[in-house]
Amino acid sequence: MAVAAEPVWSVDPRTGKPRERVAVEATAEEVDRAVRAAHGTLGALADRSARAALLRTAADLLDESRDHVVAAADAETALGPVRLTGELARTTAQLRSFADVVEEGSFLDVRIDLPDPGAVPPRPDLRRWKVPLGVVAVYAASNFPLAFSVPGGDTASALAAGCPVVVKGHPDHPATSELCASLLRRAAVKAGLPEDVVVLVHGFDAGVALVRHPLVAAAGFTGSVRGGRALFDAAAARPVPIPFHGELGSLNPVVITPAASGERAAAIGAGLAGSMTLGAGQFCTKPGFVLAPRGEAGDRFLDALAAGVGDTGPSVMLDHRMRDAFVAGSPSAPRSPGSAPRRPGRGRRAHRRRRRPRRRRRTALAGGHHLLLEECFGPVTVVARYTTREEATAVLGLLPGNLTATLHTTGTAEDPDAAPLLAALTPLAGRVLVNDWPTGVAVAAAQHHGGPYPATTSTSTSVGATAIERWLRPVTYQSTPGHLLPPELRDGNPLGLPRR
């Protein structure tokens with residue numbers, strides 16, 4: 001007897017109550033059909049001009065549907081219209097940016113070595129470029145229902161590379177996912193492409209089946225260490241392993257030099273309070289671990305941080321699982337003698353999904369404090385005090401890989417701790433900041449959003465123009481007659497591409 005498919009509900013995070021039935025979880029057979037349908041569009045996506053048109057048309061349709069998209073996302077995430085309007089603008093900017101990348105063409109990395117019989121050894125005619133991998137599985141993120149979900153950077157960069165996409169929607173915003181997928185599919189048709197260049201599936205089992213499907217050539221994931229590692233292992237265990245570009249977890253450490261705290265303790269404390277509570281602390285780049293100097297200036301920094309956190313009102317977390325994990329994980333870390341978490345401050349009684357931000361003060365990182373070095377998703381950060389630069393450097397040596405690492409210094413050559421601490425932070429992260437805060441990731445050619453494991457499972461970035469490189473592989477043609485070469489590699493450069 002057939003088992004009925006599980007329904008997929010849109011849930012109001014403010015109340016925890018289901019809003020509407022949106023879809024059903026995909027069966028293994030439906031995942032297979034989705035992947036095969038996407039795979040069938042590879043030939044159509046070979047047209048770079050059509051890909052650029054798809055990306056720009058998708059951005060236009062999302063902008064035209066802004067009110068509807070923002071309302072749908074707010075109903076499922078409680079992130080608010082202001083935040084979501086900004087996120088949608090970022091999403092459409094990403095799509096248009098990748099359209100520019102496709103048209104400019106340097107992502108193809110065309111390299112030509114003409115033959116040289118006199119070289120040792122003799123060199124034949126060699127022509128190298130990059131081709132799309134194939135169908136890409138994209139796993140939508142919970143905390144960015146637009147910019148890191150169905151129409152987000154993984155989808156945009158994969159389509160730009162010429163790879164069709166099958167998205168596993170996140171259960172926190174299925175209605176938003178369905179809406180955005182329908183807009184992307186409409187954009188494909190308007191650009192003269194098959195609508196199945198983007199396909200959406202729902203369900204936990206569907207996500208596992210997707211990464212195991214033999215026609216899936218690569219995967220992009222943003223989520224938890226536990227979930228991402230399970231999918232990473234499944235991707236590696238396939239008969240033919242595939243690249244798995246996962247963004248998993250990050251503490252995003254911050255180090256404040258004694259000179260910086262002496263110069264602007266209040267400003268640094270206020271800045272940290274704003275960064276750690278932004279979006280209810282549900283940013284992958286939230287600063288979660290801070291090394292602050294002992295002494296009077298460090299105390300003033302803590303007072304400013306406590307004041308800033310205390311002035312921050314309650315906020316709604318994305319779902320009850322994250323709220324419960326925050327409540328369970330935030331106060332569970334072992335305490336050092338004589339230390340205790342500061343109370344979050346008084347205010348109106350919070351809804352069961354509303355959480356006030358916290359910061360935890362610790363006097364040391366002795367044995368048994370490993371929990372302080374684990375990411376806690378939500379508005380909490382750990383502050384540890386250090387006495388000497390060597391003590392701070394030793395603690396940094398205990399940290400895992402991160403997306404970001406931040407140094408606060410005076411900004412002048414007179415700060416003797418700046419260069420050594422910056423050198424200690426650099427191996428820990430893919431983006432190193434000085435006198436800034438890591439929340440907020442600019443979409444730019446020089447951006448890198450990744451880092452050593454467990455921040456990510458590869459050395460690639462998921463933000464910025466070079467995110468397209470994840471979905472390409474190089475191919476070299478040797479001694480190939482011109483009429484058999486792709487137009488991109490022929491003599492005379494008929495397409496006017498950047499070439500080396």
Side-chain angles (χ1 to χ4, degrees), residues 48 51-52 55-56 59 86-87 89-111 129-130 141 144 146-148 151-161 218 220 222 243 245-248 250-255 271 275 278 283-287 401-409 411 418-419 421-453 455-474 497-500:
R48 286 194 298 123
R51 296 194 323 248
L55 294 164
R56 290 202 176 94
E87 186 180 332
R90 172 202 175 105
T91 302
T92 57
Q94 285 179 155
L95 289 162
R96 294 186 176 101
S97 173
F98 278 113
D100 294 340
V101 169
V102 171
E103 289 180 335
E104 188 267 343
S106 62
F107 75 98
L108 295 170
D109 196 22
V110 176
R111 298 167 181 259
W129 71 325
K130 290 183 178 179
F144 283 89
L146 304 173
F148 281 85
D154 284 350
T155 297
S157 58
L159 292 173
T222 301
H245 301 284
E247 180 188 320
L248 310 186
S250 186
L251 273 174
N252 305 304
V254 176
V255 180
S275 185
L278 185 66
F283 278 56
C284 53
T285 52
K286 178 205 72 177
N402 293 272
L403 294 170
T404 73
T406 300
L407 176 69
H408 279 273
T409 175
L421 288 173
L422 189 66
L425 286 168
T426 298
L428 298 178
R431 179 162 58 108
V432 181
L433 302 92
V434 177
N435 294 341
D436 207 345
W437 297 105
T439 37
V441 185
V443 180
Q447 185 59 270
H448 187 83
H449 189 63
Y453 185 86
T456 52
T457 60
S458 70
T459 59
S460 302
T461 179
S462 61
V463 177
T466 54
I468 195 173
E469 296 173 358
R470 297 174 294 169
W471 321 121
L472 299 163
R473 68 178 182 88
L497 292 171
R499 310 203 302 190
R500 177 185 180 276

Worksheet entry | The single option from N402, T456, L428 passing side chain to side chain contact (heavy atoms under 4.5 Å, CB included) against S250 | N402
Worksheet item: Got a donor-acceptor contact below 3.5 angstrom from the S275 side chain to the G271 backbone?
Response: no
Worksheet item: Thinking salt bridges, do R499 and D109 make one under a 4.0 Å N-O criterion?
Response: no
Worksheet item: Counting N and O atoms only, with roles assigned by atom type, does the side chain of N252 sit under 3.5 Å from a partner on the main chain of A405, one being a donor and the other an acceptor?
Response: no
Fill in: E247 and C284, any side-chain heavy atoms less than 4.5 Å apart
yes
Fill in: E87 CD to L146 CG distance, which is reported to the nearest 0.5 Å
4.5 Å
Worksheet entry | Heavy-atom donor-acceptor pair, T155 side chain to P151 backbone, under 3.5 Å | no
Worksheet item: Does any N or O in the side chain of T457 come within less than 3.5 Å of the main-chain N or O of G246, such that one atom is a donor and the other an acceptor?
Response: yes
Worksheet, complete the sentence: Nearest heavy-atom contact between F148 and T222 is CD2-OG1, 3.9 Å
Worksheet item: After noting the C-alpha distance and the side-chain angles of K286 and T404, does the key distance pass the side-chain contact (heavy atoms from CB on, under 4.5 Å) rule?
Response: CA-CA 9 Å; K286 178 205 72 177; T404 73; over 6 Å; no
Worksheet entry | Modelled atom types, side-chain donor and acceptor of T461 and H449, under 3.5 Å | no
Worksheet item: Atom CG in D100, atom CG in L95: separation rounded to 0.5 Å?
Response: 11.5 Å
Worksheet entry | Distance (rounded to the nearest 0.5 Å) between S462 OG and H448 NE2 | 8.5 Å
Fill in: Contact summary for A467 and F98, nearest pair of heavy atoms
CB-CZ, 4.1 Å
Worksheet entry | Residues forming a side chain to side chain donor-acceptor pair (under 3.5 Å) with T285, sequence neighbours excluded | none
Fill in: Carboxylate-amine/guanidinium contact R470 D154, below 4.0 Å
yes
Worksheet, complete the sentence: In short, P427 meets P452 closest at the heavy-atom pair O-CG, 3.6 Å
Response to the item:
One should read off an interatomic distance between T92 OG1 and L55 CG, to the nearest 0.5 angstrom, of 12.0 Å
Item to complete: In sequence, state the C-alpha distance, the side-chain angles, and the governing distance for H245 and W471, and then conclude on side-chain contact (heavy atoms from CB on, under 4.5 Å).
Response: CA-CA 10 Å; H245 301 284; W471 321 121; 3.7 Å; yes
Practice prompt. Show your reasoning for whether side-chain contact (heavy atoms from CB on, under 4.5 Å) applies to L407 and V432.
Written response: CA-CA 8 Å; L407 176 69; V432 181; 6.0 Å; no
Practice prompt. State, to 0.1 Å, how close R431 and P438 come at their nearest heavy-atom pair, and which atoms those are.
Written response: NH2-O, 2.9 Å
Discussion item. Hydrogens and angles aside, do T406 and W437 bring a side-chain donor and acceptor to less than 3.5 Å of each other?
Written reply: no
Discussion item. I'd like to know if the side chain of Q447 and the backbone of G464 have a donor-acceptor N/O pair within less than 3.5 Å.
Written reply: no
Worksheet item: When you measure from the side chain of T91 to the backbone N and O of A147, does any donor-acceptor pair fall under 3.5 Å?
Response: yes
Worksheet item: Between atom CZ of F107 and atom CG of L497, what is the distance when rounded to the nearest 0.5 Å?
Response: 8.5 Å
Discussion item. R111 vs R500, test: side-chain contact (heavy atoms from CB on, under 4.5 Å). Steps then yes/no.
Written reply: CA-CA 5 Å; R111 298 167 181 259; R500 177 185 180 276; 3.6 Å; yes
Discussion item. Between the side chains of R51 and E103, is the shortest nitrogen-to-carboxylate-oxygen separation below 4.0 Å, so that they form an ion pair?
Written reply: no
Worksheet entry | Side-chain donor/acceptor of R48 to backbone N/O of V102, under 3.5 Å | yes
Discussion item. Testing the basics here: between T466 and A445, what is the closest heavy-atom pair and its distance to 0.1 Å?
Written reply: CG2-O, 4.4 Å
Worksheet item: If you round to the nearest 0.5 Å, how far is CZ of F283 from CG of L403?
Response: 13.0 Å
